[in-house]
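A short worksheet on the structure shown next.
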Amino acid sequence: MLEEIGYRLIRFTNDETINKTDWVCEEIKSALNAPLSFGEGSGGEASIEVFTTRPDTLFGITFLTLAPEHELVSKITTEENKQQVEAYLNYAKNRSERERQADVKKITGQFTGAYAIHPFTGKQIPIWVGDYVLAGYGTGAVMAVPGGDQRDWSFAKHFGLPIIPVIEGSDIDKEANESKEGKMINSDFLNGLQVKEAIKKIIAEIEKRGLGKGKINYRLRDAAFGRQRYWGEPIPIYYKDGIPYGVDEKDLPIVLPEVDKFLPTEDGEPPLARAKDWKYKGQYDYESTTMPGWAGSSWYFLRYMDPHNDKEFVSKAAADYWKDVDFYLGGSEHATGHLLYVRFWTKFLKDRGFISIEEPAKKLVNQGMIQGVSRFICQLVISGVYHQIFLSVDIVNSYLHKEISFDSLKEKIVNPTTIKGWTILPIIFLAKDFTEEEMSFSMQRVPVDFVDNANLDYEKWNKSRWPQDSQAEFYRFVLNEKGDIVTLAEVEKMSKSKYNVVNPDELVEKYGADTLRMYEMFLGPLEQSKPWNTNGITGVSGFLKKFWRLYEPCFAAIKDSDNFLYPLPEASKAELKVLHKTIKKITDDIEKLSFNTCVSTFMICVNELTDLKCNKREILEPLVVLIAPLAPHIAEELWNKFGHTESVTFAKWPEYKEEHTVENSFSYPVSFNGKTRFFHELDSVLSKEDVEKEVMALEQTQKYLEGKQPKKVIVVHKKIVNIVV
RNA sequence: GCGGAUGUGGCGUAAUUGGCAGCCGCGCCAGACUUAGGAUCUGGUGCCGAAAGGCGUGGGGGUUCGAGUCCCUUCAUCCGCACCA
């Protein structure tokens with residue numbers, strides 16, 4: 001499929017990937033780099049290959065930047081620049097990955113003193129070194145177009161390098177124009193072309209002059225496979241003289257060895273390295289990492305087709321019979337990670353002829369994430385020093401919105417009466433008296449379970465951080481007028497590191513698992529993400545209670561009769577209508593995975609049956625089957641009370657009978673120029689023409705016409721009447 | 001920046017797929033039963049307006065007898081990826 005939409009695939013055989021690793025790496029590398037080359041340097045000394053996705057901006061090049069690791073840096077640096085460049089390389093090398101990540105905006109670089117020749121204009125272009133260029137991507141060299149790339153622009157601004165706009169309407173004093181819309185300017189033979197045309201033309205021209213090649217660049221997801229954990233399939237690889245080899249097929253599968261502890265070894269090797277005498281053929285070390293979770297889950301759907309087969313992972317016959325998965329439901333991480341590998345596995349096994357399906361699943365749905373609500377409080381920072389003083393967010397807000405002055409804020413910080421904690425002058429906690437300029441704030445996460453109604457339970461929080469009482473006094477809190485610490489809320493992914501994880505156990509305890517399950521469904525469409533919020537859970541809990549109450553008179557009657565088969569009075573027309581309306585909607589909605597509307601349909605049904613005082617077995621029994629997927633526990637209980645001994649899971653799904661829901665009249669909304677004015681009930685069998693006649697004859701119609709002649713009357717059967725005046 | 005999604009009452013949402021916008025639930029208001037209510041039940045609740053009526057689905061425009069739904073444009077928010085040229 002990738003090939004159909006224009007990608008080029010590189011294929012290797014299993015044998016090649018295992019036995020000719022170097023060659024495979026080279027192949028992939030050359031496919032990935034696929035540079036647009038400037039060709040042989042006309043100066044004759046060296047040529048620098050660059051990669052770009054925007055060859056149209058070629059005439060906007062004003063300098064070249066090499067990654068500090070680039071091999072040519074030391075070769076081309078001139079004598080007079082050598083010292084500075086070396087100092088810079090040293091600096092860049094020692095900046096940790098973390099520093100560089102955190103410090104994206106810090107612009108650093110150094111001029112090498114060397115120049116490159118622009119392949120089209122022949123002009124000299126200064127060559128710089130800069131750590132915003134990554135050695136690992138492309139060729140480690142960038143043709144800098146400050147008019148068209150924001151990072152190049154920032155670099156140019158910082159070092160005072162020239163900036164040429166190449167797209168009409170660019171405001172290069174403010175920022176680079178990275179858009180792919182507009183007309184080319186300052187670009188020789190590209191002038192006047194639209195960006196997309198220019199890209200085509202320049203690639204053709206570059207190829208014609210032999211300066212480089214147009215190619216598609218591939219990006220690979222990091223495919224590190226081994227995990228430093230015990231529980232996972234062992235990888236069938238062993239090492240002989242440090243070189244990995246595949247384990248013979250006849251020696252498969254490898255069984256997880258016994259280990260004394262499920263922990264890494266003292267020198268940091270994975271747990272499998274603990275296994276004693278675990279060697280291939282008694283002498284070679286096995287690979288000690290194990291496969292990740294998705295390795296197994298990417299093919300177990302195939303194993304399930306033929307679980308007892310001890311000859312193959314799945315027989316061809318079973319695979320051909322069951323074919324693909326009908327429906328795959330997973331979260332977004334499945335969509336990006338897991339699913340990628342299931343598809344890969346499937347295609348691989350298809351290519352090897354073990355199975356005959358191209359894709360693992362017919363249908364895919366990504367359910368939304370239940371997000372967490374993180375909480376923050378303000379920490380006081382004076383001249384970069386973090387103080388153990390925390391402020392209620394509303395106070396800081398009113399200061400930032402200039403509702404209270406710096407002096408009154410400072411008064412609150414310094415004055416013991418607003419501070420919870422130590423009563424001796426808290427100013428001691430400050431390094432010194434401070435000015436407005438020296439003061440800043442830092443948002444600190446607090447665990448959500450210490451927050452009640454947006455307010456921090458500071459004593460509880462304090463204790464959790466400093467279990468020993470002696471140190472508990474070290475934190476100071478600046479409270480608002482109500483004596484609270486207000487926290488700031490932010491919706492994020494739920495995660496331990498964000499301290500915003502909520503545990504549903506309490507809710508199960510309080511409301512039961514059925515309520516929790518139904519509430520989660522009730523929250524909204526399956527595919528939507530939303531923050532976890534239990535505000536409405538009482539509604540679902542109340543519904544289940546009401547649902548249960550509906551059955552009590554029915555069970556009382558059954559008990560009185562002392563016979564489970566006691567036929568209660570026949571259901572009325574109205575009751576049957578409610579039941580069948582519900583059967584239809586629930587059946588349709590489950591099919592559409594629209595569980596939120598299932599729940600509300602059930603609420604409507606129970607409200608209506610309660611109003612009808614329905615206690616008929618004929619109605620209530622099928623409802624138990626309908627609710628079983630939504631509230632399985634209560635359904636089993638009720639099913640049992642009807643005298644069934646088998647689980648409701650095996651009960652037959654109720655059948656929808658249309659005859660119970662047909663209406664023989666319809667209340668037409670009558671609208672004038674699209675505005676509904678009144679309703680008129682008419683027999684459903686009436687034709688369009690008859691409906692129009694009836695409606696036009698009405699007194700009310702004449703009233704809204706105000707004596708005017710209608711231009712047009714639109715009648716949609718059993719929908720609407722619209723009169724255009 | 002690239003890719004994906006979403007904008008409807010105070011809140012979560014619904015809308016038979018172009019036909020009465022706001023179903024259901026939360027919250028809120030009033031009432032009943034109660035020593036009490038974090039129990040239960042009844043009624044009300046989009047906004048403006050005393051009412052008649054008017055206005056309302058992020059903003060602007062369009063198609064249509066009719067638009068939350070279709071088209072164009074714009075803004076905002078969220079998610080995934082990313083110093084990736």
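Proteins come first, then strands; the chains are lettered A, B, ... in the order of their sequence lines, and each starts at number 1.
For the C1' atoms, the distance from U69(B) to G18(B) is 7 Å, rounded to whole Å. A distance of about 15 Å separates the P atoms of G7(B) and C71(B), rounded to the whole Å.
In this structure, K530(A) reaches the sugar-phosphate backbone alone: every heavy-atom distance under 4.0 Å involves primed, P, OP1 or OP2 atoms, never a base. Among the protein residues, T597(A) comes within range of the sugar-phosphate backbone only, with heavy atoms under 4.0 Å from sugar or phosphate atoms but none that close to a base. Among the protein residues, K510(A) comes within range of the nucleic acid bases, having at least one heavy atom under 4.0 Å from a base atom.
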So which protein nitrogen or oxygen atoms get under 3.5 Å of nucleotides 28-33 of chain B's nitrogens or oxygens?
none

Can you name the atoms? Protein N/O to nucleotides 43-48 of chain B N/O, anything below 3.5 Å, with the distance.
none

Which pairs, protein N/O on one side and nucleotides 64-68 of chain B N/O on the other, fall under 3.5 Å?
| residue | atom | partner | partner atom | Å |
| --- | --- | --- | --- | --- |
| C65(B) | O2' | N722(A) | ND2 | 3.3 |
| C65(B) | O2 | N722(A) | ND2 | 2.6 |

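Under a 3.5 Å cut-off, the side chain of H580(A) and the backbone N or O of K657(A) do form a donor-acceptor pair.
Look at G9(B): its glycosidic torsion is within 90° of 0, and that puts it in the syn range. In textbook terms, a nucleotide whose glycosidic angle is within 90° of 0 is syn, and U17(B) is one such case.
For the residue pair S665(A) / E681(A), a side-chain donor-acceptor distance below 3.5 Å is found, with atom types taken as modelled.
The side chain of T538(A) sits closest to C26(B) out of G12(B), C26(B), A85(B). Side chain of P669(A), nearest nucleotide from A85(B), C20(B), U6(B): C20(B). Closest to the side chain of S600(A), out of C24(B), C26(B), A39(B), is C24(B).
Put simply, the side chain of L544(A) does not reach to within 4.5 Å of the side chain of Y511(A), judged on heavy atoms. In this structure, the side chains of F522(A) and M603(A) come closer than 4.5 Å at one or more pairs of heavy atoms. Contact check for W153(A) versus V145(A): no side-chain heavy atoms found under the 4.5 Å cut-off.
The shortest distance between the side-chain N/O atoms of R549(A) and the OP1/OP2 oxygens of U40(B) is not below 4.0 Å. Here N607(A) does not reach the OP1 or OP2 of C24(B): none of its side-chain N or O atoms lies under 4.0 Å away.
Between F602(A) and F547(A), the angle of the ring planes goes over 60°, which puts this pair in the perpendicular group of the 30/60° scheme. The aromatic rings of F155(A) and W128(A) sit perpendicular, their planes meeting at an angle over 60°, well past the 30° parallel limit.
Among residue pairs with one or both ends in residues 514-531 of chain A, those qualifying as side chain to side chain donor-acceptor pair (under 3.5 Å) are D514(A)-H633(A); sequence neighbours excluded. Contacts classified as salt bridge (Lys or Arg N to Asp or Glu O under 4.0 Å) and involving residues 587-607 of chain A (residues at least two apart or in different chains) are given here: K584(A)-D588(A), K585(A)-D589(A), D589(A)-K592(A). The list of salt bridge (Lys or Arg N to Asp or Glu O under 4.0 Å) pairs with a residue in residues 594-608 of chain A, not counting sequence neighbours, reads K581(A)-E608(A).
Atom CD of E527(A) and atom P of G12(B) are 19 Å apart (whole Å). Atoms CG (L523(A)) and C1' (A14(B)) sit 15 Å apart, rounded to a whole Å. Computed from coordinates, the Q528(A) CD to G12(B) C1' distance equals 10 Å when rounded to whole Å.
Not a single side-chain hydrogen bond (donor to acceptor under 3.5 Å, both in side chains) links T538(A) to another residue, sequence neighbours left out. Legend: residues meeting ring pair (Phe, Tyr, Trp, His ring centres under 6.0 Å) with F679(A), ordered by chain and number and at least two apart, are absent. Contacts of F666(A) classified as ring pair (Phe, Tyr, Trp, His ring centres under 6.0 Å), with partners at least two apart in sequence or in another chain: Y668(A). Every residue two or more places apart in sequence or in another chain that forms a side-chain contact (heavy atoms from CB on, under 4.5 Å) with I164(A) is listed here: T62(A), N186(A).
Against RNA chain B, the stretch residues 677-685 of chain A makes heavy-atom approaches under 4.0 Å through R677(A), F679(A).
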All N/O donor-acceptor pairs, side-chain side in residues 718-725 of chain A, below 3.5 Å, sequence neighbours left out:
| residue | atom | partner | partner atom | Å |
| --- | --- | --- | --- | --- |
| N722(A) | OD1 | S671(A) | OG | 3.2 |
| N722(A) | OD1 | G674(A) | N | 3.0 |

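Applying the Watson-Crick and G-U wobble criteria (two distances, each under 3.5 Å), C28(B) pairs with G44(B). Taking a pair to require two hydrogen-bonding distances under 3.5 Å in either a Watson-Crick or a G-U wobble arrangement, G3(B) pairs with C79(B).
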